[in-house]
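We name chains A, B, ... by the order of the sequence lines, and we start the count at 1 in each one. In this text, all values refer to a predicted model and were calculated from it rather than measured experimentally.
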Protein chains: 2
Amino acid sequence: MVEISRRRAIEDVASDLFRERGYAATSIRDIARAMSLQGASLYAHVASKEDVLWAIVDRAAGRFEVAADGAERDAETRRPGDPAEALGALTRAHVDVLTSDVDAAGVFVHEWRSLDPGHRDAILSRRDAYQARFQRRIEDGIAVGAFAMTDPAIATSTLLSAINGIAAWYDPNGRLPANRIADHLVELSLRMVANP
Amino acid sequence: MVEISRRRAIEDVASDLFRERGYAATSIRDIARAMSLQGASLYAHVASKEDVLWAIVDRAAGRFEVAADGAERDAETRRPGDPAEALGALTRAHVDVLTSDVDAAGVFVHEWRSLDPGHRDAILSRRDAYQARFQRRIEDGIAVGAFAMTDPAIATSTLLSAINGIAAWYDPNGRLPANRIADHLVELSLRMVANP
DNA sequence: CCTCCTAACTAACGATCGTTAGGCTAGGCG
DNA sequence: CGCCTAGCCTAACGATCGTTAGTTAGGAGG
């Protein structure tokens with residue numbers, strides 16, 4: 001976690017605090033205090049408090065999107081047209097992004113409500129598009145008989161909620177390494193939608 | 001939704017706002033404005049802002065606990081010793097409580113961090129005990145071969161996250177009635193842990 | 001040496017926060 | 001009629017909020 005810029009250091013500290021206490025309950029002076037600075041000093045690097053939140057959320061969203069791109073490409077190379085392979089790869093990619101920076105990912109998952117209306121709308125449509133990628137793979141699986149369920153939309157929401165739950169308890173120094181957790185979540189997720 | 005007391009009306013309005021914007025982002029004056037009152041007027045009925053949050057969270061927790069009691073009793077009557085029956089009943093009871101008052105349940109799920117340290121600790125141990133009831137049924141199922149998974153603790157967390165995800169999108173006036181949603185979640189949950 | 005840049009500082013702004021104090025009004029009941 | 005209570009009001013408290021302005025310290029480059 002080397003500071004490449006002062007701006008980025010602020011975002012990292014803010015991610016930590018926003019995740020722990022929430023955006024509204026964290027003041028600019030709280031962030032500054034965690035860096036041994038005065039509150040006003042942050043405004044040399046940052047336009048506003050919401051600007052910091054947006055930077056964190058936007059970057060986290062981008063990391064999820066890029067990871068999903070790679071996962072779908074890899075799955076298609078490995079087992080073309082296999083919905084379980086594709087959905088498993090998407091799930092694993094999601095868990096990887098989540099565990100590689102729990103603070104930022106947790107802020108992305110829980111604090112997007114605090115964004116300005118414009119930013120909130122933007123992130124909501126990106127989130128919808130992201131969720132649609134999962135739902136598409138689930139519908140593919142139903143079409144070929146690999147998956148089975150009554151309502152794909154609810155299944156997709158439920159699947160993503162299940163994975164995102166990791167952000168509530170994951171500890172980078174905990175008993176389980178991130179890739180073990182990913183194994184587990186992929187197993188549970190695929191079983192949830194599989195045709196029994 | 002008849003007001004039985006002024007105090008309770010405040011808690012209902014607060015549940016709505018706390019769920020929509022979060023506890024820290026909701027002011028006493030916001031709550032009062034939603035009731036066409038002055039902020040200070042609320043203090044005739046309420047000791048503090050945290051007092052309102054605690055009342056909401058405490059009551060919601062109690063409803064989950066009572067529902068789980070009934071579910072385990074019913075399941076034991078219907079199919080004694082059947083882990084799938086018991087876990088399914090617990091899941092359905094949880095969904096029922098959640099959908100019967102999404103606002104309060106959503107506050108319970110997401111806003112317990114904002115409680116005073118004492119109240120937060122109290123709610124955390126109750127939540128642990130509640131979660132342990134689910135985990136116990138999962139372990140029962142593994143013991144008799146009905147369920148199968150690598151890590152029951154992770155499976156329990158994941159299952160509850162999946163169900164609680166409902167709070168993020170459930171709309172009492174939406175396309176699906178609550179009992180349909182419960183059917184769905186029970187199906188997905190049991191398949192997630194079942195021995196394939 | 002002078003200049004510029006980065007990064008921090010102190011001081012203060014108006015707004016809003018949770019909360020307290022004290023007073024007014026309307027209705028029920030003797 | 002007089003009292004009580006419930007429910008709400010206005011006014012204000014000190015604290016904290018996000019943010020702006022102006023200044024200072026130190027190092028790099030000409």
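Among D/dT20, C/dA8, D/dC8, the nucleotide with an atom closest to any side-chain atom of B/Ala44 is D/dC8.
With sequence neighbours excluded, the residues satisfying salt bridge (Lys or Arg N to Asp or Glu O under 4.0 Å) with B/Asp30 are B/Arg21, B/Arg33. The salt bridge (Lys or Arg N to Asp or Glu O under 4.0 Å) check on B/Asp121 picks up nothing, with sequence neighbours excluded. B/His184 pairs by the ring pair (Phe, Tyr, Trp, His ring centres under 6.0 Å) definition with nothing, not counting sequence neighbours.
Checked against A/Tyr23 for a ring pair (Phe, Tyr, Trp, His ring centres under 6.0 Å), the options A/Phe18, A/Trp112, A/Trp54 give a single hit: A/Phe18. Just one of B/Arg133, B/Arg126, B/Arg127 meets the salt bridge (Lys or Arg N to Asp or Glu O under 4.0 Å) condition when paired with B/Glu65; it is B/Arg126. When each of B/Ile163, B/Leu185, B/Ile181 is checked for a side chain to side chain contact (heavy atoms under 4.5 Å, CB included) with A/Thr158, only B/Leu185 meets the rule.
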Heavy-atom protein contacts under 4.0 Å, nucleotides 23-29 of chain D, coded B base, S sugar-phosphate only, - none: -------
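Between B/Met35 atom CE and D/dC8 atom P there is a gap of 7 Å when expressed in whole angstrom units. Per the geometry, CG belonging to B/Leu42 stands 9 Å off P belonging to D/dC8, to the nearest Å. B/Arg6 has its CZ atom 20 Å from the P atom of D/dT5, to the nearest Å. What separates CD1 of A/Ile10 from C1' of D/dT19 is a distance of 15 Å, to the nearest Å. Rounded to a whole Å, the CD1 atom of A/Ile28 is 14 Å from the P atom of C/dC9. Separating the NZ atom of B/Lys49 from the P atom of D/dA15 is a distance of 19 Å, rounded to the nearest angstrom. Per the geometry, CD1 belonging to A/Ile31 stands 11 Å off P belonging to D/dC17, to the nearest Å.
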Distances under 3.5 Å between protein N/O atoms and the N/O atoms of nucleotides 23-26 of chain C, please, pair by pair.
none

If you restrict it to nitrogen or oxygen atoms, what contacts under 3.5 Å exist between nucleotides 10-14 of chain D and the protein, and what is each distance?
unit_1 : atom_1 : unit_2  : atom_2 : d
D/dA12 : N6     : B/Arg29 : NH2    : 3.4

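Side-chain contact between B/Val57 and B/Phe108: present, with at least one pair of heavy atoms (C-beta onward) separated by less than 4.5 Å. Contact check for A/Asp103 versus A/Asp12: no side-chain heavy atoms found under the 4.5 Å cut-off. The closest side-chain heavy-atom distance from B/Arg175 to A/Asp151 is below 4.5 Å.
The phosphate of D/dC8 (OP1 or OP2) has a side-chain N or O of B/His45 nearer than 4.0 angstrom. Neither OP1 nor OP2 of C/dT16 sits under 4.0 Å from any side-chain N or O of B/Ser27.
Between the side chain of B/Glu50 and the backbone N or O of B/Asp116 there is at least one donor-acceptor pair closer than 3.5 Å.
Ranked by how close their nearest DNA chain D nucleotide is to the 5' end, A/Ala24 and B/Ser36 are led by B/Ser36.
Comment: B/Asp101 does not engage B/Arg19 in a salt bridge, judged by the lack of any side-chain N to carboxylate O separation of less than 4.0 angstrom.
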